[in-house]
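The basis for the numbers below is simple: all heavy atoms, side chains too, and nothing from hydrogens, waters or symmetry mates. So that the names make sense, note that chain A is the first sequence line, chain B the second, and so on, each numbered from 1.
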There are 2 protein chains.
Amino acid sequence: MNEISILIVEDEPIVAEDIAGALRRNDYIVSAIVYNREDALAELKNNLPDAAILDINLNGKMEGIEIAEIIACNYHIPFLFLTSYSDKKTLANAKVTEPAGYIVKPFTEAGLYSSIEIALHNFAQKSKHNFPELKLSTINKFLPSPVSEREFQLLQLIYNGCTNKQIAAELFISINTVKKHINNLYLKLDATSHSSAIARIRQLILQ
Amino acid sequence: MNEISILIVEDEPIVAEDIAGALRRNDYIVSAIVYNREDALAELKNNLPDAAILDINLNGKMEGIEIAEIIACNYHIPFLFLTSYSDKKTLANAKVTEPAGYIVKPFTEAGLYSSIEIALHNFAQKSKHNFPELKLSTINKFLPSPVSEREFQLLQLIYNGCTNKQIAAELFISINTVKKHINNLYLKLDATSHSSAIARIRQLILQ
DNA sequence: TTAAAAATCACCCGAAAGGGTAAATGAAAG
DNA sequence: CTTTCATTTACCCTTTCGGGTGATTTTTAA
């Protein structure tokens, strides 16, 4: 049911198998277990998993962080660092890659599971914080002349890339009316085009 | 130097003066001290402060939360709740108004100061998480055919509401070249206009 | 060195959008 | 009851944009 595949990058086979077992018992699919950087990169390229668990310390080097950077730049999947509590120095370097979560050694199966669940959830939610829905009340906080509800309807359609003709069809009004409303919007927003209206909204909210 | 004005809404004069003194010693301006809901609303209307400190419990009622809701809907300023640790029931109601921070009674001057500084900082940063800057690497993660760096330059200008003519002037190229690049962008983004390209980017990143 | 890819510019055409004025309707508020 | 105000539509005209083809130059990679 779950069908979520996870790549394990861990140089200690015992720990790797420990994680793999725990994952399988919780309905995850272990897409692969690899022991070094090269194999990890090959696996990402040829068989991209839904998530990755990276031991920071691989064979005495901080290769885990390098892999994280590559994932962050090239793939859109969450990754968790596997680290020990004492390892505070490297943690600072790990943080900047913005991992979806951490698994702290020694870990329990319940702890591992909840770490992954939280990480997956956070990663899924993360992008939704960006590009928020438009809210009339928020927009009007920044405008001297408030946008009416009807105008806001039009604005939302503009925001979603509709043409004037599409807006007219969507709202069952003539294209002339659409133009009129949009013209009023432009006056209030100090805009001159669909795209500049969108940019203006962003600019207003970010101030 | 600071020049940040803060409204205090607190029904106990001793506590209010306590806060006011601490604020002034840390270079804040106390815009007013009010003891009830009505005076708070009047103050917001006539002399909007840069931030507000709201005691949740005013004269035995939860008027602080009502004031918070009004601020959240009508003004673009951060507010902090003044509450006691034991007051866990009302805290649930307070949370939904998304305050910039909390000040827990009894408080120290250092604690008050850091609470406010953190709250102001968070509030200032908050909107910047919304509508993030476009990143070529992020966009290309979602596209079958990657956008070139030059095309990305054009895309950023579209994103900021520029017309083709403005883009041409900005990049010192002819409007014909602008059109050519944008046409290629449309093919890659599956878009048909400036605004639909912007919407498509948002849609891609939010998936 | 040569081939492929990216960037540049031109021209044409039809569709879409922007700017302005004028006016009818209907609902809400005084 | 009248006076706003939002919504609706029409018509005009100009500018801009989208779509297509073709060609030159520059850069990159093989």
Q: Using heavy atoms and a sub-4.0 Å distance, could you list which residues of residues 167-176 of chain B are near DNA chain D? By number, please.
A: none
Q: Scan residues 150-164 of chain A against DNA chain D and write down, sorted by residue number, each residue with any heavy atom closer than 4.0 Å; if none is found, say none.
A: R150(A)
Q. Is any side-chain nitrogen or oxygen of H194(A) closer than 4.0 Å to OP1 or OP2 of dG18(C)?
A. yes
Q. At under 4.0 Å, does any side-chain N or O of S148(A) touch on OP1 or OP2 of dC5(D)?
A. no
Q.
Return the OG to CG distance between S195(A) and L157(B), rounded to the nearest 0.5 Å.
A. 11.0 Å
Atom [atom1] of [X] and atom [atom2] of [N]: how far apart are they, to the nearest Å?
X	N	atom1	atom2	value
L189(A)	dG19(C)	CG	P	13 Å
Q166(B)	dG18(C)	CD	C1'	14 Å
I182(A)	dA16(C)	CD1	P	14 Å
K165(A)	dA17(C)	NZ	P	9 Å
L185(A)	dA17(C)	CG	P	14 Å

Q: Please lay out, stage by stage, how S31(A) and N47(A) fare under the test side chain to side chain donor-acceptor pair (under 3.5 Å).
A: CA-CA 8 Å; S31(A) 78; N47(A) 183 28; 4.5 Å; no
Q) Looking at Q203(B), R202(B), R200(B), which hits side chain to side chain contact (heavy atoms under 4.5 Å, CB included) with N160(A)? A) R202(B)
Q: Work out how much the helix from dT1(C)-dA30(D) to dG30(C)-dC1(D) bends between its end axes, five pairs an end, to the nearest 10 degrees.
A: 60°
Q: By nearest nucleotide on DNA chain D, pick out whichever of T177(A) and K188(A) is the more 5' one.
A: K188(A)
Counting C-beta onward and ignoring hydrogens, is there a side-chain heavy-atom pair between [X] and [Y] closer than 4.5 Å?
X	Y	result
N140(B)	V147(B)	yes
I67(B)	I70(B)	no
L154(A)	V178(A)	yes
L82(B)	I56(B)	no

Q | Test side chain to side chain donor-acceptor pair (under 3.5 Å) applied to T138(A) - qualifying residues, sequence neighbours left out | A | none
**Q.** Candidate pair I53(B) and L23(B), rule side-chain contact (heavy atoms from CB on, under 4.5 Å), full reasoning
**A.** CA-CA 11 Å; I53(B) 295 173; L23(B) 291 181; 4.2 Å; yes
Q.
Working note: L41(A) + D39(A), criterion side-chain contact (heavy atoms from CB on, under 4.5 Å); need CA distance, chi angles, decisive distance, verdict.
A. CA-CA 5 Å; L41(A) 298 187; D39(A) 291 346; over 6 Å; no
Could you go over nucleotides 19-25 of chain D and give all protein N or O partners under 3.5 Å, atom names and distances?
none

According to the salt bridge (Lys or Arg N to Asp or Glu O under 4.0 Å) rule, which pairs have a member within [range], sequence neighbours left out?
range	result
residues 154-178 of chain A	none
residues 154-163 of chain A	none
residues 130-155 of chain B	E151(B)-K188(B)
residues 58-84 of chain A	R37(A)-E66(A), K61(A)-E63(A)

Q: Using the side-chain contact (heavy atoms from CB on, under 4.5 Å) rule, take I139(B) and F152(B) through it: C-alpha gap first, then chi angles, then the decisive distance, then the call.
A: CA-CA 9 Å; I139(B) 292 169; F152(B) 180 64; 3.7 Å; yes
Show each protein N/O and nucleotides 28-30 of chain D N/O combination with a separation under 3.5 Å, one pair to a line.
none

Quick one: which protein N/O atoms are closer than 3.5 Å to N/O atoms of nucleotides 28-30 of chain C? Pair and distance per line, please.
none

Q. Is the backbone N or O of S5(A) less than 3.5 Å from a side-chain atom of D50(A), with the two atoms forming a donor-acceptor pair by type?
A. yes
Q: Evaluate side-chain contact (heavy atoms from CB on, under 4.5 Å) for Y28(B) paired with R24(B), printing each intermediate quantity in order.
A: CA-CA 5 Å; Y28(B) 293 108; R24(B) 292 192 186 105; over 6 Å; no
Q: Could you tell me which residues satisfy side chain to side chain contact (heavy atoms under 4.5 Å, CB included) with D18(A), sequence neighbours excluded, listed by chain and number?
A: F107(A)
